[in-house]
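Data block below; observations after.
Positions are given from 1, in the same order as the sequence printed here. In each ligand, atom 1 is the first atom listed, and ligand 1 is the first ligand listed.
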Amino acid sequence: MVADDAANGSDTLSVAVIGAGPAGYYTAEALTKNDANVRVDIIDRLPTPFGLIRAGVAPDHQSIKNVSRRYEATNQRENVRFVGNLSLGRDVTLAELRDIYDAVVLATGAAKDRSLGIDGEDLPGVIGSGPFVGWYNAHPDFKDLNPDLRVASVAVIGNGNVAIDVARILAKTASEMAETDLAPHAAKSIHGSPIRDIYILGRRGPLEASFTPKELGELNQLENCVALVDGNQLPSEDIDDMMTGAQRKNMAALRQMAQADPESKPVRLHVKFFLRPMAVLGDECVCGLRLEETKVEDGKCVGTGKTEVLPTGLVVPCIGYRTSPIPDVPYDERYGCFENEDGLIGPRLYCVGWAKRGPTGTIGTNKPDGAEVAQKILAEVRPAGRPGRSGLDALVKERDLHIVTFQDWKKIEASEEAMAAEGAPRQKLTDIGEMVRIAES
Ligand code: NAP
């Protein structure tokens, strides 16, 4: 339980940040940096903090996950606290939070998959990147997903870093994943799977792909899997001068793939451009993907009318995300995030991160984004004697809610570290009830 807190002084600004991911933490950091008269509660529906750092960033990218130390430092501030296992909508309404706090910031990310909008996309064997990444990252919502990986080939749709993550996690061997926190249920399934061909499919060309060079380059360094591309799909070196630095580096990685020997390793990862999905084929489950060849005109993908079928038993669309709507909060259907003006949704209600700008940018993008919205809040909202912390604590007590504090989370973390296999950083717990029991022990 959270220690009981004296009622707020009327000069203290109370802010609730909903969502304990990078956007939420950077906003809390900026809100409390210079002004002791601000108190922030970072509320999350899970008993664990750090959002996408924990459940989105790939398990073999532990160095990226280290940024959570910075969020931990924010949590050490007396005027910041983590309130886990408290769900907006289930345990508390937005209207209640707006009564309790001077300002509410929605940092809820973008948890829903964008849809392909093609026939067959609801067939078993089509699994969006949201659930798929959540599954291998031990997110409690997806621990029972159990995707059928007894397939020879997989089609990963999209030319972004999530597509690369999914393909790489499927391609890496048990020994390559030994020092990661890949969920044991996923390790068993992936490392026992007969997958031999993995396709990354882009509807536009290599110049339009949103891969970052480091991530694309990693595909050339896999132990058991050779990355391949048809050199004819790559632009001529003559136009290298006209490319951005990132495009040039991506081309270098792709040219290496064009030279690779398809027989050199047992698993092949085919990076294919200029193909857009037209239909997922199959009666009871997926057996293939109908694709149309495309060309790029003025940066846009244009179909040529020429189609082909890719036999595959698993399709993983990695085509971006949408923020989950919240009742009574205006929603921008086009961008899949909350309608807002530089983070302002309505009086004393703000949004940050993917919930503000849509699912773009790396973790670092959230830092200036959160700082800007924090400045806006400090400039626009005056403390009005709302109870803040003590108001939330009273509601938690009245409803007998089992919230998890940062100190409680450290017990969960210690337990995960104690369970880790040799060399691995942790073995994540997936059962919320078990996490709460450990927190309360
Ligand atoms: P993304 O970079 O926006 O890529 C989405 C891809 O899906 C694009 O290639 C897009 O093609 C394609 N697409 C969209 N709708 C499609 C459709 N109907 N049919 C076929 N293809 C379609 O998004 P993301 O990969 O989900 O990544 C989200 C953000 O997280 C990005 O900013 C990414 O860099 C970041 N991230 C970073 C890391 C890392 O740094 N290690 C790891 C993971 C994610 P078009 O371009 O033609 O629209």
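A salt bridge between K411 and E413 is absent, with no side-chain N of the basic residue lying under 4.0 Å from a carboxylate O of the acidic one. Here R70 pairs with E29 in a salt bridge; the nearest charged N to carboxylate O distance falls below 4.0 Å. Salt bridge K410/E72: present, at least one basic N to carboxylate O contact under 4.0 Å. Looking at R276 and E292, a side-chain N of the basic residue comes within less than 4.0 Å of a carboxylate O on the acidic one, giving a salt bridge. At a threshold of 4.0 Å, the pair R98-D328 does not count as salt-bridged, since none of the basic side-chain nitrogens sits closer than that to a carboxylate oxygen. Salt bridge annotation for D298-K300: absent, with no cationic side-chain nitrogen under 4.0 angstrom from a carboxylate oxygen. By the 4.0 Å N-to-carboxylate-O rule, R348 lies too far from D102 to be salt-bridged with it. Under the 4.0 Å criterion applied to side-chain N and carboxylate O atoms, K214 and E218 are assigned as salt-bridge partners.
The atoms of ligand 1 that sit less than 4.0 Å from any heavy atom of N159 are 6 (C), 8 (C), 9 (O). Interface atoms of ligand 1 facing R204, defined by a heavy-atom separation under 4.0 Å, are 45 (P), 46 (O), 47 (O). Those atoms of ligand 1 with a heavy atom of P359 less than 4.0 angstrom away are 28 (C), 29 (C). Distances below 4.0 Å separate heavy atoms of W354 from the following atoms of ligand 1: 29 (C), 30 (O). Near D165, with a cut-off below 4.0 Å to any heavy atom, the atoms of ligand 1 are 42 (C), 43 (C). Each of the following atoms of ligand 1 lies closer than 4.0 Å to a heavy atom of V162: 24 (P), 25 (O), 26 (O), 27 (O), 43 (C), 44 (C). For ligand 1, the atoms sitting less than 4.0 Å from at least one non-hydrogen atom of Y321 are 26 (O), numbered in the order shown with element in parentheses. Listed by number with element, the atoms of ligand 1 under 4.0 angstrom from any heavy atom of T360 are 32 (O).
Only backbone heavy atoms of C318 (N, CA, C or O) come within less than 4.0 Å of ligand 1; its side chain stays farther off. Contacts with ligand 1 closer than 4.0 Å are made by heavy atoms of both the backbone and the side chain of I319. At a 4.0 Å heavy-atom cut-off, ligand 1 touches I157 through the side chain alone. Contacts between K214 and ligand 1, counted as non-hydrogen atom pairs separated by less than 4.0 Å, are absent for every part of the residue. Residue contacts with ligand 1 for F211 are absent, since no atom lies close enough (heavy atoms, distance under 4.0 Å). For V57, no heavy-atom contact with ligand 1 is shorter than 4.0 Å.
For the pair G361 and ligand 1, a heavy-atom separation below 4.0 Å is found.
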Would you please test T405 and D408 for side-chain hydrogen bond (donor to acceptor under 3.5 Å, both in side chains) and show each step?
CA-CA 5 Å; T405 64; D408 295 336; 3.1 Å; yes
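Residue R203 has at least one nitrogen or oxygen atom sitting less than 3.5 Å from a nitrogen or oxygen atom of ligand 1, judged on distance alone. For ligand 1, the polar-atom distance check finds no N/O of L116 at less than 3.5 Å from any of the ligand's N/O atoms. Any N or O atom pair closer than 3.5 Å counts here, and S115 shares no such pair with ligand 1. Between S210 and ligand 1, at least one N/O pair is under 3.5 Å apart. Taking any N or O of E208, backbone or side chain, none lies under 3.5 Å from an N or O belonging to ligand 1.
The CG atom of L349 lies 5.5 Å from the CG atom of L94; values are rounded to the nearest 0.5 Å.
Side-chain contact annotation: Q62 with D181, donor-acceptor N/O pair under 3.5 Å present. Checked by atom type, the side-chain pair T180/D60 shows no donor-acceptor distance below 3.5 Å.
Ring centroid separation for the pair F50 and Y25 comes in under the 6.0 Å cut-off. A distance below 6.0 Å separates the ring centres of Y26 and Y71.
Proximity of atom 32 (O) of ligand 1 to the protein is indicated by at least one non-hydrogen atom lying closer than 4.0 angstrom.
Across L52, N161, T365, T212, heavy-atom proximity to atom 36 (N) of ligand 1 is greatest for N161.
The protein atom (non-hydrogen) at minimum distance from atom 41 (N) of ligand 1 is E215 OE2, 3.0 Å.
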